[in-house]
Each structure stands twice: as C-alpha cells, then as structure tokens.
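Here the structure is laid out as structure tokens; the discussion comes afterwards.
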Amino acid sequence: MPSSPTPSPAPEPSGVRRRSLLGAAAAAPVLASLAGAGTASAAPSAAASAVDSPDGARALPGGGDLGPNVIVFDPSTANIQGRLDEIFKQQESAQFGTGRYALLFKPGTYSGLNAQLGFYTSVAGLGLSPDDTTINGDVTVDAGWFDGNATQNFWRSAENLALVPVSGTNRWAVSQAAPFRRMHVRGGLNLAPDGYGWASGGYIADSRIDGTVGPYSQQQWYTRDSSVGGWLNAVWNMVFSGVEGAPAQSFPEPPYTTLETTPVSREKPFLYLDGDEYRVFLPEKRTDARGVSWGNGTPRGTSLPLTQFYVAKPADSAATLNQALEEGLHLLLTPGIYHLDRTVDVKRAGTVVLGLGYATLIPEGGVTALKVADVDGVRLAGFLVDAGPVNSATLLEVGPEGASADHSANPTTVQDVFVRIGGAGPGKATTSLVVNSRHTIVDHTWVWRADHGDGVGWETNRADYGVVVNGDDVLITGLFVEHFNKYDVQWNGERGRTVFFQNEKAYDAPDQAAIQNGSVKGYAAYKVGDDVTEHEGWGLGSYCYYNVNPSIVQHHGFAAPNRSGVRFHGLLVVSLGGNGQYECVINDTGSPTSGTDTVPSKVVQYP
C-alpha cells in the first residue's frame, strides 16, 4: 500500500470525478448471548414448519436449503481463499451480469484471508455479534478492474464481521449501494481505491472502526449510529448522525454536517446461527440513537426461526411468493433474479422480506414489483428492484394511496433496498419508490436511472420520478437518487426528515426544453410540496453533468416553500467540469456555479 497523504487538508477534487467520464410471527425476545452461537459447526437443519393456509390448501414449507449461491464457510473449511478468489474473478467486472452471491462465515476465527468483493456479492458473519466472527485479514473493495476509478463500485456489502486488517487498514473503495453494516474493524478503514483515484460516496451504519477512517477522494459519505477512532478529511459533503468520534459540525468548511444522534433508527434484520439452527434477528427501534446497537455484545430485539420463512428461489413465481405470505410466512429471497408477472403483496403486520446476495426482482408487463399494506412493522431489506422493459407506474409502494394509520410505535423500515431503471437492459418506470405509510423509515437506498450500460437514453429508460413521499412523519437516512427525467425526490408529506442526500441530475437531457418545468429552468433534485408546512433536511447535495448539452442551465437543486417550518442545513450544488450550471442552490438563494471549476456552491442554513 502506498503511504497515506498528509491528513490535513485533503485536496479538493480536480476536474470531474464522475463515473461516466471513463466510459462508462412468534418472536422470541433475545435476552442474552445465545448458547453455542460461537461454536456452530454442523449443517443447519432443513426442518420445515407448516403454517395453515387460509383456504385449507397444502401449506408451503418454512425453512430449508439456502440454495447454491449462498456459500457457507466455517473455520475448518478447506481452501476458503480459493473459493473467494473464484467468485471474485467471476464478479469483479460483471456490473450488469446475472451472478448473485452471499458469502457467509460461521462464528469462529479465520486467518490469512482476503475476501475481495465484486458486483452483487455480500459477505457476512453468522454470529449474533460482529465479534463472534473474526477474520484476521481483509474484506476488500478496490478498483483495479476500472483502472483505479471506484465510481462504479456498486451493489456489494459487508455485514456482521470483525476484521483485523493485515496492514492495519482495510480498504473499502465503494460508491453507491454498497453498505458497510454491523462491522468491527480493529484498525483503520480506507475508503479510496489504490492510488487514491475517484470515488463517489457511500454508507456506514452500526459499525465500530477502532482506527481512523480515511475517505481521501470520496466526494460524500454518510455514517450513522457508529463509533470511529478518527475521520481524516472531507471533500464535498460528509454527514454523521449518532456517531461517536465524528468530527464536530463545521459546514461549510470543512463540509461536515454532524448530528449528535439519529432521530429514529432500527437496524437491518440479519441471518445468524443459534447452535445449528438459522434464525433472523430483528433489532429493536431506537430513538435518539448514538453508537452501535451491539455495544455489550448482545443486540436488543427479537428473533425468528428460519422455519417461519419461505426460503424463496429464483424460479419461484410471484404467485408462490404471495401464497407464502398469505399463509403467514416471511420471505427470505436467496440470491438470483426473480421475474414477477404480478405484484408481491405484503399485507400482514410484522412481515419480513429479507434478500441475500442482492436478490433481484424484475416486474414484467408493467406491474409493480412489491406493495406493502398500511400495517405496522414490515421490514424490507437487502434486495434490488430492476425495472422491466414495459413501463411500470411504480416499482415499490409502501402503503396504499391515502394511507393514514399511525405507525410511530412500530414503523415499516426499508433498508438496503435499491432500484435501477436501465443499465442491465431496457427498463422504464414512471415513479420508482412511493412511500404512503406514515412513520416509514427508509434507511439507505440508491434509486438510479442508469447513465451507462445497456438500454440507456433520454426516452429509452424513461423514469420521471425517483422517490415520492406522500406519507407524514417519514424519515430517510442515507438517500441516494440520481438521473431522473423530472423530480428525483418529490416530498408531499408533512414533518418529513432527510439526513444525507446525494444526487446527480440526468446527464442525457438533449436540450433546455427537455427539462423545462413550466417557467422554471429544470426540475429540482429535491422538491418539497408547496403546501407542506414542516420539513427538515441535513447534508444535501445535487450535482449536474449535462454532457449531451453542456449549455443547459438548472435554476436550482432544491425547491421548497419559504416558511419557518421548512428548514435545511448544509446544502450544496456542483457543476461537474462546467457541463451545465446551477443559477441558485435552493429556490432563489445561493450563488451560481460558474465556469469549468468543479467547486460547490453552498448554503449553510435555509431559510
């Protein structure tokens, strides 16, 4: 590893640092550490439980085999490194390929490993605590496949492991849709690729990094409910909520936006071993959270046996998935691609839909991939929705239109659920994600109208709106939305809150008329409805790169009613290399971008 650059200050990026430039319901409370969780060695049971079907038909089984693309290791497994290398070779540059993998490590200690992660690859420990599974080695993401440019290192994850990096610092050079959750790094964490090339932002949650985190060239980053030994630098926009050891609030220079706590959070469900049996842990909701949820080694929450899940395989139809849900089973989506000819309907309170290895749902014939009823406590986590070639009005709906029930005690959570329109092939959707249910928590999403890959063009992968929030009291932590034809985010609900937002306007607008919004030049990246009286956001950035027509002018990145209850903290807009310009930051406030310098225009507070 080359020597690290001096920590203060890190250089501002020179020129344009973007990816396109280089081409392209019985729940048992868990009260203590579960006996035997650290020593599981036998194969998990395939026992099935029958849940009575409402119509008396034969029930689908619960539990069972996790399928061929869930690879489970224990410390005695032979040639672990060889298997890791084989999967990485297949997935390293398979950005729009069909391979999907989950690499799971049973509790214990592993030495001499370097798990390099390519596309659609998740690595996770199977303990109740990250410290139950220790790798004396590394879990690495680098960008050798793309000549040192990390801005396309999407769709991979690391969860629930302790790492003792060989060099003292683990490299995690990712961009969007690459969560780092429930990790304990007994050393430092480097978020830049080898050579400190370009990188465009990511997400850490519920993790402890004993050493220093060095973002170096990362343009923006969000860290939530974690602990760090230090933070080296900031480029455009670094946001922290509930992070012990985070830099103090200092936006605009350096651009740190720091909240002492996270207003509401509930960690992502995860698979673990209790002795020889798989279970899914459901962490409890926290209010004003700070630091990791597993600080004493035992997280707080409830646990479900795998026998209460229908273990879905890619060949399963939407009808089968719906039958499982109707029979009272939760869904565990094993790695692969699921083609849906009808909507998956989640109607029961407390239902868990958990994906492994970036399981991917593709709606066919213009249907919506998944809908959630206006019920308490649904948990959606760990899967990708890929738009189909026939336009869908929506891809994912949380709550029906007009939903109004109070879910404050037990909200629905949407975590590491990602949406893509185009890239892997033609895809269209008018609106990607619609949130109608009150009190919903969306915790880390990347909603992306593709700017490269197959099936890409202003009308080819048409997608007008990324995220539309109609429900009141919705909180989004870690919101990444890019390249939509109109509003990337449209927020109509009251008392909405966003902690961290990263956006790029669509690259491929052909001319000014194509983006004209009535009398306004361009659709804002983040639009708060004109009738909204209360809304708040922290650490929000929008960037433009109109490479098809660099003369395009975007009036502002953010639009909101000008009233005291609508407040923003730490806003910025950036013109990437002068390809298009912003006239203002929010409404008519904030300095314009100018020239070819990639320098942000910032607003500290609004109003």
Side-chain angles (χ1 to χ4, degrees), residues 8-18 198-202 215-223 231-241 246-259 476 478-482 488-489 491 497-505 521-528 535-546 553-562 566-607:
S8 179
E12 288 285 322
S14 59
V16 183
R17 296 183 179 270
R18 297 308 297 161
W198 301 351
S200 65
Y216 302 107
S217 55
Q218 285 284 357
Q219 293 161 343
Q220 65 275 314
W221 197 275
Y222 176 50
T223 307
W231 193 273
L232 192 61
N233 70 283
V235 177
W236 290 342
N237 190 31
M238 300 289 169
V239 181
F240 309 84
S241 67
Q249 169 71 34
S250 59
F251 193 93
E253 192 57 45
Y256 294 129
T257 299
T258 303
L259 288 72
I476 304 186
L479 178 58
F480 300 74
V481 188
E482 296 186 308
D488 297 275
V489 175
W491 204 300
R497 292 176 290 183
T498 296
V499 185
F500 182 87
F501 172 66
Q502 183 265 325
N503 165 263
E504 287 181 344
K505 294 304 299 174
K521 298 174 184 174
Y523 289 80
Y526 189 108
K527 164 70 174 176
V528 179
H535 187 89
E536 195 159 10
W538 295 263
L540 293 82
S542 176
Y543 321 138
C544 73
Y545 180 65
Y546 288 114
V553 174
Q554 178 86 23
H555 181 62
H556 46 216
F558 303 90
N562 187 12
V566 179
R567 303 182 299 275
F568 289 92
H569 317 272
L571 294 166
L572 63 98
V573 297
V574 182
S575 169
L576 303 179
N579 289 274
Q581 301 292 342
Y582 292 91
E583 292 179 327
C584 304
V585 178
I586 180 169
N587 295 343
D588 300 323
T589 298
S591 300
T593 56
S594 60
T596 58
D597 291 334
T598 304
V599 176
S601 176
K602 302 174 183 177
V603 169
V604 177
Q605 301 283 348
Y606 184 87

Does any part of the side chain of His555, heavy atoms only, come nearer than 4.5 Å to the side chain of Cys584, both counted from C-beta? yes
If we only count heavy atoms from C-beta on, is the Pro247 to Tyr256 side-chain gap below 4.5 Å? yes
Between the SG atom in Cys544 and the CG atom in Asn503, the distance rounded to the nearest 0.5 Å is 10.0 Å
In the structure I gave you, are the side-chain heavy atoms of Ser217 and Val235 within less than 4.5 Å of one another anywhere? no
Atom pair CZ/CG of Arg497 and Leu259 - distance to nearest 0.5 Å: 10.0 Å
Please examine the side chains of Phe568 and Thr589, heavy atoms only from C-beta on, and report whether any two atoms are closer than 4.5 Å. no
What distance do Ser200 atom OG and Gln219 atom CD have between them, rounded to the nearest 0.5 Å? 5.5 Å
Donor-acceptor contact present, side-chain Ser591 to main-chain Ser601, <3.5 Å: no
For the pair Phe501 and Val481, evaluate side chain to side chain contact (heavy atoms under 4.5 Å, CB included) and give the outcome as yes or no after the intermediate values. CA-CA 8 Å; Phe501 172 66; Val481 188; 4.2 Å; yes
If you look at every heavy atom in Arg567 and Pro607, which pair is closest and at what distance? CA-CD, 4.3 Å
Does any non-hydrogen side-chain atom of Leu572 lie less than 4.5 Å from one of Tyr543? yes
Sub-4.5 Å side-chain heavy-atom contact between Phe251 and Lys602: yes
What class does the angle between the rings of Phe480 and Phe500 fall in, given that below 30° is parallel, 30 to 60° is tilted and above 60° is perpendicular? tilted
If we ignore hydrogens and angles and just use 3.5 Å, is the side chain of Thr593 paired with the main-chain N or O of Tyr582 as donor and acceptor? yes
Heavy-atom donor-acceptor pair, Gln502 side chain to Gly541 backbone, under 3.5 Å: no
Which class fits the ring pair Trp231 and Phe240: parallel under 30°, tilted 30 to 60°, perpendicular over 60°? perpendicular
For Val573, does its backbone N or O pair with a side-chain atom of Ser542 as donor and acceptor, under 3.5 Å? no
About how many Å separate OH of Tyr606 and CG of Asn562, when rounded to the nearest 0.5 Å? 3.5 Å
Side chain to side chain donor-acceptor pair (under 3.5 Å) between Ser241 and Tyr222, worked out: CA-CA 8 Å; Ser241 67; Tyr222 176 50; 2.7 Å; yes
Exam field: side chain Thr598 to backbone Leu576, donor-acceptor pair closer than 3.5 Å: no
Is Pro215 close to Leu232 at the side-chain level, that is, under 4.5 Å between some pair of heavy atoms? yes
Which pair of heavy atoms, one from Gly570 and one from Thr257, lies closest together, and at what distance? CA-OG1, 4.4 Å
Below 30° counts as parallel, above 60° as perpendicular, anything between as tilted: where do the rings of Tyr526 and Phe558 land? tilted
Sequence neighbours excluded, every pair satisfying salt bridge (Lys or Arg N to Asp or Glu O under 4.0 Å) that has a member inside residues 576-598: Lys521-Glu583
Within the side chain of Gln220, is there an N or O that forms a donor-acceptor pair under 3.5 Å with the backbone of Met238? no
Please find the pair of heavy atoms, one from Val603 and one from Val585, that lie closest to each other, and give the distance. CG2-CB, 3.7 Å
Results of side chain to side chain contact (heavy atoms under 4.5 Å, CB included) for Ala559 - residues two or more places apart only: Ala524, Lys527, His556, Asn587
Do Lys505 and Asp488 have side chains that approach each other closer than 4.5 Å (heavy atoms only, starting at C-beta)? yes
